[in-house]
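Below: the structure, in structure tokens.
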Protein chains: 2
Amino acid sequence: MNPLDAARRMVRDALGEGEICGTCGSRVAGLCRPLDAATLDDVLAEAEHVVFGARDYLFQEGDRAGHVFTLVHGTAKLVRLLPDGREQVLGFRFTGDVLGYTTGGTYPFAAQLLTGATVCRLDRHRLDALMRRYPSLERRFLDLCIQELAATQDQLVTVGRRTAEARLAAFLLSLAESGHRRHIDGPVLDMPMTRADIADFLGLTLETVSRGFTAFRRRGWIREPSHGRVEILRRDELTELTDGEPG
Amino acid sequence: MNPLDAARRMVRDALGEGEICGTCGSRVAGLCRPLDAATLDDVLAEAEHVVFGARDYLFQEGDRAGHVFTLVHGTAKLVRLLPDGREQVLGFRFTGDVLGYTTGGTYPFAAQLLTGATVCRLDRHRLDALMRRYPSLERRFLDLCIQELAATQDQLVTVGRRTAEARLAAFLLSLAESGHRRHIDGPVLDMPMTRADIADFLGLTLETVSRGFTAFRRRGWIREPSHGRVEILRRDELTELTDGEPG
DNA sequence: CGTGTTCTTGATGATCATCAAAGGTGGTGG
DNA sequence: CCACCACCTTTGATGATCATCAAGAACACG
């Protein structure tokens, strides 16, 4: 069995049989999802699967932008570094999400894996050629970009105008939302990021995030059945906290 | 003279003669800038110019997304409202900038003018038809979207991880930068936004912004020759403040 | 079973929001 | 042309939120 077929088998095993895009990964999102069969076949032929370990970087800030990635399985954070070494997490990406597309020559942020992951990697030059052939692919990227922009604007509102607990509530609700997008509708959510990651995402310190989780737990709003998992018990309370008065 | 010719004359008068895109407005940016002549002519034929007053809304959050706008002359702010009435300014837009493109059915934020303005307005349906005919136009929107995304991510870093004065310094430097992009290289910058607008952009209160301006003035870092104008006297100090230690 | 990492909790203090009031500025109408 | 008015800006006093510093507890990993 050649390496590509091996990777495809791995993907099927990870996701279960079904309407899987063999190359670009997810049953629900991914790059190829809305493409027609002909386009899809050509994109498939150009892509390759790669397995990474936890904490590996898919790319660093400033690297030459040579590939576009689809997360077949795993979670990553997008981070921008500050001159003094602190970092701002721009967002988290989950199974099925697309990362690293830019029209510039270098990546404007780094992508670091939080878990081990399988990614589908497509060379930029090949992608550009495909886009010239299939304009629908370009349209697909425009849609993705507009979605990312809207999400980043949401985050700007959260960080700019909400209290610590309201930010945390917004984060938990967005976790649930992104699980929902991936048709993972069980009550218990995967939360592979550390308190420090969440703090760097919300513009807080890890201590403040930890106190927030403790407060929510004490009030019975959430439960943490194990490390790396949360269950939201009182969505209504969390929603009211994000939407309500600044206090 | 018909209204369209009148508007074009107004544009020429405002910008000075030169390589002006008669419909989409700016000598330096705008929608049509990188398009070839044939595409341009077709786009021109579909667009219309409209004059708005200060504080007018080009569109409200949630409005049906019926048009794409290019600012021929004037300044606008993009704002998202919070349930309690406070607002987050997502960004400012200047002469030559494009606003209001979305693939969704409604605008996800409002665009309010800070000054009187002339805009070039293009119907969404006509734009979609043009994009089918000229894929380069779609590419243009993708480039614009990626730029906006990068700018919003920058802003997230500023709001999430910097002190009040560092945020203000970053804002002033970005004002200078956007003036530079428009080839307005004089030392004195237009600053048509109020302290409250700036505060809502930076995630601060207007009082804190005012104190910041006072501090910068006292240190001799900036000068405000008149209302709505700033001159940066010590760019190096402002840069160090944004880049340096949190303190 | 030990070791390093992550998480929790406490004590303290700085930054910035809030509340309050006065001084400017521009625009409008008498 | 001046006076009034609305809005913007400045400045001060006070306090709340959250960062910082510190130490111990829980957990994961080899």
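Hydrogens, waters and symmetry mates play no part in the numbers below; they use all other heavy atoms, side chains included. A, B, ... follow the sequence lines: proteins, then strands. Residue 1 opens every chain.
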Indicate yes or no: at least one non-hydrogen side-chain atom of A:E61 is less than 4.5 angstrom from one of A:V79.
no
To the nearest Å, how far apart are A:H227 NE2 and C:dG4 C1'?
13 Å
Kindly calculate the angle separating the two end axes of the helix from C:dC1-D:dG30 to C:dG30-D:dC1, each obtained from five base pairs, and round it to 10 degrees.
50°
Any donor-acceptor pair under 3.5 Å linking the side chain of A:R182 with the backbone of A:S178?
yes
Expressed as a whole number of angstroms, how long is the span from A:I198:CD1 to C:dC7:C1'?
11 Å
Whole-Å distance between D:dT10 C1' and B:E224 CD?
11 Å
Do the charged groups of A:R161 and B:D200 touch, with an N to O distance under 4.0 Å?
yes
Contacts to DNA chain C from residues 204-216 of chain A, heavy-atom cutoff under 4.0 Å, which residues?
A:L206, A:E207, A:S210, A:R211, A:T214
N/O (side chain, B:R55) to phosphate O (OP1/OP2, D:dC7) under 4.0 Å:
no
How long is the line joining CD of B:E165 and P of C:dA14, in whole Å?
16 Å
When all nucleic acid strands are considered with a 4.0 Å heavy-atom cut-off, which category describes A:R167: base, sugar-phosphate, or nothing?
nothing
Classify the side-chain pair B:Q112/B:R55 by whether it contains a donor and acceptor separated by less than 3.5 Å.
no
With a 4.0 Å cutoff (strictly under), does any side-chain N or O of A:R218 reach OP1 or OP2 of C:dT9?
yes
Between A:R167 and A:R162 (side chain of the first, backbone of the second, donor and acceptor by atom type, cut-off under 3.5 Å), is there such a pair?
yes
For A:E240, is there an ion pair with A:R234 - N to carboxylate O distance below 4.0 angstrom?
no
Which nucleotide, D:dC18, D:dT9, C:dT9, lies nearest any side-chain atom of A:A164?
D:dC18
Would you mind reading off the distance between B:R195 atom CZ and C:dT25 atom P, rounded to a whole angstrom?
12 Å
With A:F52, the side chain to side chain contact (heavy atoms under 4.5 Å, CB included) member among A:T115, A:T118, A:L58:
A:L58
What's the CG-C1' distance between A:L114 and C:dT6, to the nearest Å?
14 Å
So B:G203, base contact, sugar-phosphate only, or nothing? Heavy-atom distance under 4.0 Å.
sugar-phosphate
Could you state the atom-to-atom distance from CE of B:M193 to P of D:dC8 in whole Å?
14 Å
Can B:E165 and B:R219 be counted as an ion pair, charged N to O under 4.0 angstrom?
yes
Hey, is the main chain of A:D197 close enough, under 3.5 Å, to the side chain of A:T194 for a donor-acceptor pair?
yes
Selection from D:dT10, D:dT9, C:dT5 that lies nearest to any side-chain heavy atom of B:R217:
D:dT10
